[in-house]
Number of protein chains: 2
Amino acid sequence: MRRPNGPELDRDRLIAAAFAVLEQEGLDGLSMRRLATQLGVQAPALYWHVDDKAALLGMMARDIYAAAYAACPGSRDWRAWLRQFGGALRAQFAAYRDGARLCALATPAAGADPERQATNIAAPLVALGLDRPAALAFQAVVISYALGWSMFEANGPMHDFLDRMMPFDESFTIGLEAIVGGLALSGADPARAGPALG
Amino acid sequence: MRRPNGPELDRDRLIAAAFAVLEQEGLDGLSMRRLATQLGVQAPALYWHVDDKAALLGMMARDIYAAAYAACPGSRDWRAWLRQFGGALRAQFAAYRDGARLCALATPAAGADPERQATNIAAPLVALGLDRPAALAFQAVVISYALGWSMFEANGPMHDFLDRMMPFDESFTIGLEAIVGGLALSGADPARAGPALG
DNA sequence: ACCTGAACACCGTTCAAGT
DNA sequence: ACCTGAACACCGTTCAAGT
């Protein structure tokens with residue numbers, strides 16, 4: 001009905017609608033049937049554009065990660081970049097309802113090449129002087145931390161409970177600073193392999 | 001049939017059976033109906049012993065956390081304890097299928113008192129010289145990291161993908177060491193609030 | 001090429017009814 | 001007190017059939 005010719009749906013319209021349903025209903029309420037209703041279509045129609053629900057969630061997760069990377073332009077040094085990245089991840093996870101849980105569930109894209117991905121991911125840190133293994137390991141650590149922390153932040157009853165025990169939200173920055181500071185001291189930092197510091 | 005008098009079910013039998021189903025079917029396969037079948041009972045019978053599925057998952061998660069704490073006897077100092085605890089958490093999350101995801105979903109117990117819980121949780125670190133706020137914040141950081149990292153470890157396709165990018169499993173220890181080392185340097189360590197460093 | 005209708009094998013939870 | 005039977009309102013996914 002929208003246009004005389006051309007399809008009603010496409011991948012991008014699907015993903016956009018899925019984010020809308022996610023916001024309104026949460027991840028547990030994001031069903032293929034509800035998504036179809038939101039798009040004015042029957043549920044089986046979705047399977048023409050997407051392999052299955054897992055693939056859809058995977059594409060949504062990639063958008064969230066991509067936004068975090070996009071929020072991290074050039075930094076003075078790798079420590080600053082890592083701090084910025086950790087904060088951007090937390091912000092992105094919080095920007096979408098159940099964003100962290102969505103990203104934790106997500107599966108890598110079907111045709112994704114690990115070699116190529118590793119190069120892309122390492123790039124910003126390699127440009128700031130880290131070697132590739134350190135760049136990848138450090139990022140895995142920061143992502144794990146931000147994801148785990150954001151899971152608790154997004155778990156309503158748990159967050160309330162933790163917040164009555166301590167200033168939970170402030171603990172994120174304490175942890176992030178500690179991680180970045182600790183990584184700088186670790187043997188994995190190539191700057192410490194040289195003659196500079198003991 | 002089991003006994004002429006007395007109930008067929010109780011809370012503990014329920015939880016034990018739930019862990020068995022979790023192992024066989026994974027978290028997505030752990031349904032109230034399957035759990036009932038495993039116990040030789042109809043699904044509605046479970047609701048006599050447990051409020052709902054979320055409460056059941058909460059009790060399972062508490063068992064997992066409790067095992068991690070039990071695996072951390074006295075240590076020389078708070079850094080050693082935190083390292084041990086981080087390792088024990090990872091081990092416990094990995095000891096149960098989807099253990100991390102289960103704990104991330106879990107909600108605090110209905111009647112849980114935050115004040116009392118905070119004291120219990122802080123105790124081992126306070127005994128080693130940390131003040132209470134630091135003890136709670138440091139533990140929140142380590143738990144967040146271990147949980148996030150374990151989510152990736154347990155996500156089959158994601159773990160395979162990451163492992164082709166880097167030695168993913170080794171990154172856990174790198175991160176844990178960095179966190180503990182970084183926390184020791186942070187302003188939150190009361191040992192550094194004295195005359196030592198600026 | 002793109003979508004619908006009908007169906008299959010599931011869910012969590014409620015509630016009257018049985019014992 | 002403790003459990004069953006039947007039901008309600010859902011799921012993801014497949015597949016023949018329509019256009």
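Chain naming here is simple, since letters A, B, ... match the order of the sequence lines and numbering starts at 1 in each.
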So which heavy atom on B:L35 is nearest to which on B:A18, and how close?
->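 Taking every non-hydrogen atom into account, CD1-N, 3.5 Å.
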For [X] and [N], give me the distance from atom [atom1] to atom [atom2], rounded to whole Å.
X     : N      : atom1 : atom2 : answer
B:D52 : C:dT14 : CG    : P     : 8 Å
A:R13 : C:dC2  : CZ    : P     : 12 Å
B:L46 : C:dG12 : CG    : P     : 10 Å
B:L14 : D:dC2  : CG    : P     : 13 Å

Using a strict cut-off of less than 4.0 Å between a Lys/Arg side-chain nitrogen and an Asp/Glu carboxylate oxygen, indicate whether B:D28 and B:R101 qualify as a salt bridge.
->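 Looking at B:R101 together with B:D28, the answer is yes, because their closest N to O distance falls below 4.0 Å.
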Under 4.0 angstrom between [X] side-chain N/O and [N] OP1 or OP2:
X     : N      : result
A:W48 : C:dC3  : no
B:H49 : D:dA1  : no
A:R34 : D:dC10 : no

Does a side-chain heavy-atom distance below 4.5 Å link B:W81 with B:Q139?
->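 B:W81 reaches B:Q139 side chain to side chain.
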Close side-chain approach of A:L136 to A:L125, heavy-atom, < 4.5 Å =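 A:L136 vs A:L125: side chains apart.
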Which nucleotide in C:dG12, D:dC11, D:dG12 has an atom nearest any side-chain atom of A:K53 =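 Ranking C:dG12, D:dC11, D:dG12 by closest atom to the A:K53 side chain puts D:dG12 first.
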Nucleotide forming a Watson-Crick or wobble pair with C:dC8, both distances under 3.5 Å =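 Base partner found: D:dG12.
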